[in-house]
Amino acid sequence: MDRGLSHFPPMRKISIAFAVTIIAGCFAASGAAMPDVNDLPVRKEMPDPLLMNDGTKATNSTQWEARRAEIKSILEHYSIGTMPPPPGNVTGHDLKSQLVADGKVNVRLVHLAFGPDEKLGFDVAVFTPAGSSGPFPTFIYITFDPTPGIAVIEPTNNPVASTNGPPARRRAPGVSPDPDAAARRFAPELDRGYAVVTYNYQETGDDNRGGLTNKLIAAYPAYDWHLEGAWAWGMSRVVDYLQTQPFADKSKLIAIGHSRLGKATLIAGAFDDRFAMVAPAGSGAFGTGAFRFNGMTNGGKEGLDEIIQHFPHWVGPGLPQFLGQVNKLPFDQHWLIALVAPRPFVSLEGIDDQFCNGNALKESYLAAKPVYELLGVPDRLGFNFRPGTHSLAPPDWQAALDFADQQLRGMDVKRVFNQLPTQEQLH
């Protein structure tokens with residue numbers, strides 16, 4: 001850390017203008033480590049995503065691209081942890097395929113292999129409308145559900161697996177859900193001409209503190225990423241695979257996930273421009289909700305302190321230093337939303353979500369909006385509130401489909417995505 005900054009006066013005694021100067025100075029040192037939390041000023045207002053490290057403000061798209069690089073570095077250092085670059089060698093090996101849903105849907109189980117010696121990987125289920133080769137707009141759906149299996153996966157001596165790629169792994173009876181039932185669940189998306197690629201998130205990192213020592217994280221020990229970063233990085237490996245697949249419309253790839261996977265979806269979409277649309281659902285704290293407006297003592301429900309205390313294995317190693325010091329954050333979650341610009345972004349929310357503070361999402365939306373306005377695409381930033389609690393419900397999928405039809409396919413969808421509930425409902 002740069003101890004030369006430790007002489008800063010308390011923030012309460014300095015002007016906002018001087019605070020901006022301090023913040024710019026903190027991040028302007030070329031090649032220097034970013035300041036420790038003790039050297040950061042207190043600021044209650046939402047940090048301006050357009051304000052560059054040198055104190056100037058981005059006023060055009062070229063400057064915004066430079067600012068995006070700064071934001072990514074700050075977020076990786078203080079919040080997410082540093083993530084590895086793409087492995088560059090993702091391959092897909094078909095394990096099984098069949099027609100389901102009365103012959104209307106083709107489903108394939110595909111093993112993705114990548115990384116050092118292609119020893120890393122996970123299985124994805126690919127659902128496409130039968131009778132058409134596409135290309136289809138495609139949802140990359142990271143989920144809590146087990147990856148749908150295709151009939152029975154053979155043991156490791158399966159001759160088909162041995163000729164087409166890595167041998168299939170044996171699955172315990174009853175673990176893999178019925179692909180026909182899964183296809184019927186995705187009927188609204190498939191009937192509207194979309195494909196869905198889905199997989200269980202724990203294929204890329206176990207959701208416990210032991211997950212910091214296995215799977216993707218274990219393979220890249222030089223990086224200090226934790227689980228949300230690993231889950232997001234896994235979503236991008238699906239995109240790597242889809243770049244080679246004729247069924248997928250590469251210009252219309254959509255990231256979607258719920259709750260802690262909504263957080264991963266937000267990170268994936270912010271850091272990977274190949275996602276043409278980003279749709280986190282119920283992501284709350286460490287998701288779309290501004291830290292400065294949520295938390296048990298800061299607006300209600302889960303916030304910065306609760307995430308740090310209960311789920312330190314999700315967040316990067318830099319974030320816990322802000323425990324009890326939310327107003328020292330040099331960023332807030334609207335920066336991740338802003339990184340998606342100018343691509344379409346929609347946050348899917350339940351009005352009565354027991355974990356997510358609606359007002360915190362509102363504040364993030366308002367603070368990210370100037371970036372979309374600068375780039376001339378304010379209508380690409382949206383949200384949708386529906387009645388109900390914490391779930392990825394059919395109305396959420398409906399909203400995502402309508403937003404994608406409107407923003408990616410240019411369809412005349414008679415629906416708006418910028419009308420907030422009343423302030424009383426945003427709790």
Side-chain angles (χ1 to χ4, degrees), residues 92 100-101 105-112 122-129 134 136-150 176-205 207 228 230-242 245 247-250 252-269 272 274-283 287-288 340 344-348 384 390-405 408:
V100 296
V105 177
N106 184 54
V107 57
R108 293 186 291 133
L109 185 68
V110 180
H111 180 73
L112 305 186
F122 55 95
D123 295 347
V124 299
V126 178
F127 295 83
T128 55
F136 306 107
T138 301
F139 283 96
I140 295 91
Y141 174 36
I142 183 172
T143 178
F144 298 100
D145 299 329
T147 306
I150 310 299
S176 299
D178 175 27
D180 184 81
R184 294 178 189 278
R185 177 184 173 190
F186 295 135
E189 294 73 45
L190 297 163
D191 289 347
R192 285 172 65 165
Y194 289 78
V196 178
V197 179
T198 186
Y199 66 98
N200 180 268
Y201 75 117
Q202 294 200 76
E203 292 251 16
T204 55
D207 191 4
E228 290 288 358
W231 298 332
W233 197 82
M235 294 181 75
S236 287
R237 306 294 65 84
V238 179
V239 175
D240 291 343
Y241 163 68
L242 293 178
Q245 298 300 299
F247 78 82
D249 186 334
K250 284 72 172 176
K252 298 179 177 64
L253 304 180
I254 305 161
I256 190 168
H258 175 252
S259 192
R260 67 197 64 178
L261 306 185
K263 306 178 202 300
T265 295
L266 176 59
I267 296 169
D272 190 339
R274 297 173 301 172
F275 287 106
M277 180 179 129
V278 183
S283 59
T288 56
V340 178
F345 176 93
V346 64
S347 189
L348 309 170
N384 184 75
H390 193 66
S391 67
L392 184 58
D396 298 316
W397 280 101
Q398 176 75 33
L401 284 165
D402 288 347
F403 195 69
D405 279 352
L408 299 182

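A side-chain N or O of Asp405 and one of Tyr194 form a donor-acceptor pair less than 3.5 Å apart.
Side chain of Lys263 to main chain of Gly257: no donor-acceptor pair is present (N/O by atom type, distance under 3.5 Å, no hydrogens or angles). Looking at Ser283, its side chain does come within 3.5 Å of a backbone N or O of Thr288 through a donor-acceptor pair. Looking only at distances, a side-chain donor or acceptor of Asp180 sits under 3.5 Å from a matching main-chain atom of Ala101. At distances below 3.5 Å, not a single donor-acceptor pair connects side-chain atoms of His258 with backbone N or O atoms of Gly282.
Lys250 NZ to Arg274 CZ: the interatomic distance, rounded to the nearest 0.5 Å, is 12.0 Å. For the atom pair CG of Asp145 and CZ of Arg185, the computed distance is 4.5 Å after rounding to the nearest 0.5 Å. Interatomic distance, Asp123 CG to Leu109 CG, rounded to the nearest 0.5 Å: 5.0 Å. Atom CZ of Phe403 and atom CG of Leu348 lie 9.5 Å apart (nearest 0.5 Å). One finds the OG1 atom of Thr128 at 6.5 Å from the CZ atom of Arg108 (value rounded to the nearest 0.5 Å). Distance check, rounded to the nearest 0.5 Å: CG of Leu408 to CG of Leu401 gives 11.0 Å.
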Subject >> Steps toward side chain to side chain contact (heavy atoms under 4.5 Å, CB included) verdict (Trp397, Tyr141) >> reply: CA-CA 11 Å; Trp397 280 101; Tyr141 174 36; 3.9 Å; yes
**OP:** Just do the side chain to side chain contact (heavy atoms under 4.5 Å, CB included) check on Val126 and Phe247 with the steps written out, would you?
**Re:** CA-CA 10 Å; Val126 178; Phe247 78 82; 3.5 Å; yes
Original post:
Should Phe186 and Thr198 be marked as a side chain to side chain contact (heavy atoms under 4.5 Å, CB included) after you check the CA-CA gap, both sets of side-chain angles, and the distance that decides it?
Top reply: CA-CA 11 Å; Phe186 295 135; Thr198 186; 4.1 Å; yes
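The heavy-atom pair separating Ala183 from Phe127 by the smallest distance is N-CE2, 3.7 Å. Nearest heavy-atom pair across Gly193 and Pro137 is O-CD, 3.4 Å. Looking at every heavy atom in both residues, Ala248 comes nearest to Leu253 through CB-CD2, 4.3 Å. In terms of heavy atoms, Val105 sits closest to Leu190 at CG2-CD1, 3.7 Å. Residues Ala404 and Ile254 approach most closely at CB-CD1, 3.9 Å, considering heavy atoms. Across all non-hydrogen atoms, the minimal contact from Phe275 to Ser236 is CE1-OG, 3.9 Å.
Using a 4.5 Å cut-off on side-chain heavy atoms (C-beta onward), Phe122 and Val238 make contact. Looking only at side-chain heavy atoms (C-beta outward), Asp207 and Trp231 come within less than 4.5 Å of each other. The shortest distance between side-chain heavy atoms of Ser259 and His390 falls below 4.5 Å.
Under the salt bridge (charged side-chain N to carboxylate O under 4.0 Å, His left out) criterion, the residue pairs touching residues 391-403 are Arg192-Asp402, Arg386-Asp396, Asp402-Arg415, with sequence neighbours excluded.
Just one residue in the list Thr204, Val110, Thr143 forms a side chain to side chain contact (heavy atoms under 4.5 Å, CB included) with Tyr199, and that residue is Thr204. Among the candidates Ile256, Val124, Leu242, the single residue satisfying the side chain to side chain contact (heavy atoms under 4.5 Å, CB included) test with Ile140 is Leu242.
Listed by chain and residue number, nothing satisfies the salt bridge (charged side-chain N to carboxylate O under 4.0 Å, His left out) test with Asp191 (two or more places apart in sequence, or in another chain).
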